[in-house]
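Counting begins at 1 with the first residue of the sequence.
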Amino acid sequence: QVQLVESGGGLVQAGGSLRLSCAASGRTFSSYAMAWFRQAPGKERESVAAISRSGGSTGYADSVKGRFTISRDNSKNTLYLQMNSLKPEDTAVYYCAARDPNWRNEYEYWGQGTQVTVSS
């Protein structure tokens with residue numbers, strides 16, 4: 001129903017910034033609530049930020065509040081994660097995910113992920 005492809009990851013020094021993008025296929029992008037997750041080796045996947053279908057509501061993990069901003073452009077079928085003041089503990093593979101609020105409470109569509117590495 002929707003295919004997701006992340007981009008924008010890379011290597012950055014602590015204190016730097018990156019913007020991740022998630023390109024979604026299909027005509028139903030605006031029907032999905034979206035989120036960013038991340039997972040470091042040996043650790044559980046954790047939710048980073050989420051955004052409602054219209055973009056009017058957002059939520060963030062405490063660890064990234066004030067530093068990360070999630071946004072979406074439904075006209076471009078694209079989800080973004082602006083990451084500022086990056087810390088080494090932000091190093092992880094970042095995934096975008098989609099869910100249909102009218103059907104499931106769980107995210108059912110996932111991208112392949114993009115690596116973010118923050119050096120000290």
Pairs where residues 47-71 contributes a residue and the test salt bridge (Lys or Arg N to Asp or Glu O under 4.0 Å) is met, not counting sequence neighbours: Asp62-Lys65, Arg67-Asp90

With rounding to the nearest 0.5 angstrom, report the CG to OG distance, Leu86 to Ser119. 10.0 Å

The criterion is ring-ring contact (aromatic ring centres under 6.0 Å, His included); which residues satisfy it with Tyr107, sequence neighbours excluded? Phe37

Thr78 (side chain) donor-acceptor with Ala23 (main chain) under 3.5 angstrom: no

All side-chain hydrogen bond (donor to acceptor under 3.5 Å, both in side chains) counterparts of Glu89, not counting sequence neighbours: none

Heavy-atom closest contact (Ser31 atom, Asp100 atom, distance): O-OD1, 4.0 Å

Salt bridge (charged side-chain N to carboxylate O under 4.0 Å, His left out) for Glu46 and Arg38? Distances and angles first, verdict last. CA-CA 6 Å; Glu46 63 176 344; Arg38 67 186 182 187; 2.7 Å; yes

When every non-hydrogen atom of Ala61 is compared with those of Ser47, the smallest separation belongs to CB-O, 3.5 Å

Mind checking side-chain hydrogen bond (donor to acceptor under 3.5 Å, both in side chains) for Ser52 and listing every partner two or more places apart, or none if nothing turns up? none

With sequence neighbours excluded, residues passing ring-ring contact (aromatic ring centres under 6.0 Å, His included) with Tyr109: Tyr32

Can you check whether Glu44's main-chain N or O pairs, donor with acceptor, with Gln39's side chain at less than 3.5 Å? no

Please evaluate residues Arg99 and Glu106 with respect to the criterion side-chain contact (heavy atoms from CB on, under 4.5 Å), reporting the C-alpha separation (whole Å), side-chain torsions for both, the decisive distance (0.1 Å), and the verdict. CA-CA 6 Å; Arg99 67 178 178 91; Glu106 298 180 352; over 6 Å; no

Check the hydrophobic clustering (I, L, V, M, F, W, Y; side-chain heavy atoms under 4.5 Å; chains of links allowed) and say if Val12 and Phe68 are grouped together. yes

Taking the side chain from Thr58 and the backbone from Ala50, do they hold a donor-acceptor pair closer than 3.5 Å? no

Looking at every heavy atom in both Ser71 and Leu79, which two are closest together, and how far apart are they? O-CD1, 3.3 Å

Any side-chain heavy atom of Ile51 within less than 4.5 Å of one from Trp36? no

Main chain of Ile70, side chain of Gln82: is a donor-acceptor contact present, judged purely on distance under 3.5 Å? no

With side-chain contact (heavy atoms from CB on, under 4.5 Å) as the criterion, how do Asp73 and Phe29 come out once you've worked through the C-alpha distance, each side chain's angles and the decisive distance to 0.1 Å? CA-CA 10 Å; Asp73 187 339; Phe29 177 68; over 6 Å; no

When you look at Val118 and Lys87, which way does the side-chain contact (heavy atoms from CB on, under 4.5 Å) test go after all the steps? CA-CA 6 Å; Val118 184; Lys87 304 175 181 179; 5.5 Å; no

Taken in chain and number order and not counting sequence neighbours, the residues that satisfy side chain to side chain contact (heavy atoms under 4.5 Å, CB included) with Ser7 are Ser21

Might you point out which heavy atoms bring Asn74 and Ser30 nearest each other, and give the distance in Å? ND2-CB, 3.7 Å

If we only count heavy atoms from C-beta on, is the Arg72 to Met34 side-chain gap below 4.5 Å? yes

Could you please spell out the steps behind the side-chain contact (heavy atoms from CB on, under 4.5 Å) verdict for Thr114 and Leu20? CA-CA 8 Å; Thr114 184; Leu20 305 183; 4.0 Å; yes

Would a hydrophobic clustering, with Ile, Leu, Val, Met, Phe, Trp and Tyr connected at side-chain separations under 4.5 Å, put Val64 with Tyr80? no

Gln3 side, atom CD; Gln112 side, atom CD - distance, nearest 0.5 Å: 10.5 Å

Parallel, tilted or perpendicular: ring planes of Tyr95 versus Trp110, cut at 30 and 60 degrees: perpendicular

All heavy atoms of Val2 vs all of Ala24, minimum pair found to be CG2-CB, 3.9 Å

Heavy atoms only: give me the nearest Tyr60-Thr69 pair and the separation to one decimal. OH-CA, 3.4 Å

Does the side chain of Val116 come within less than 4.5 Å of Met83's, by heavy atoms? yes

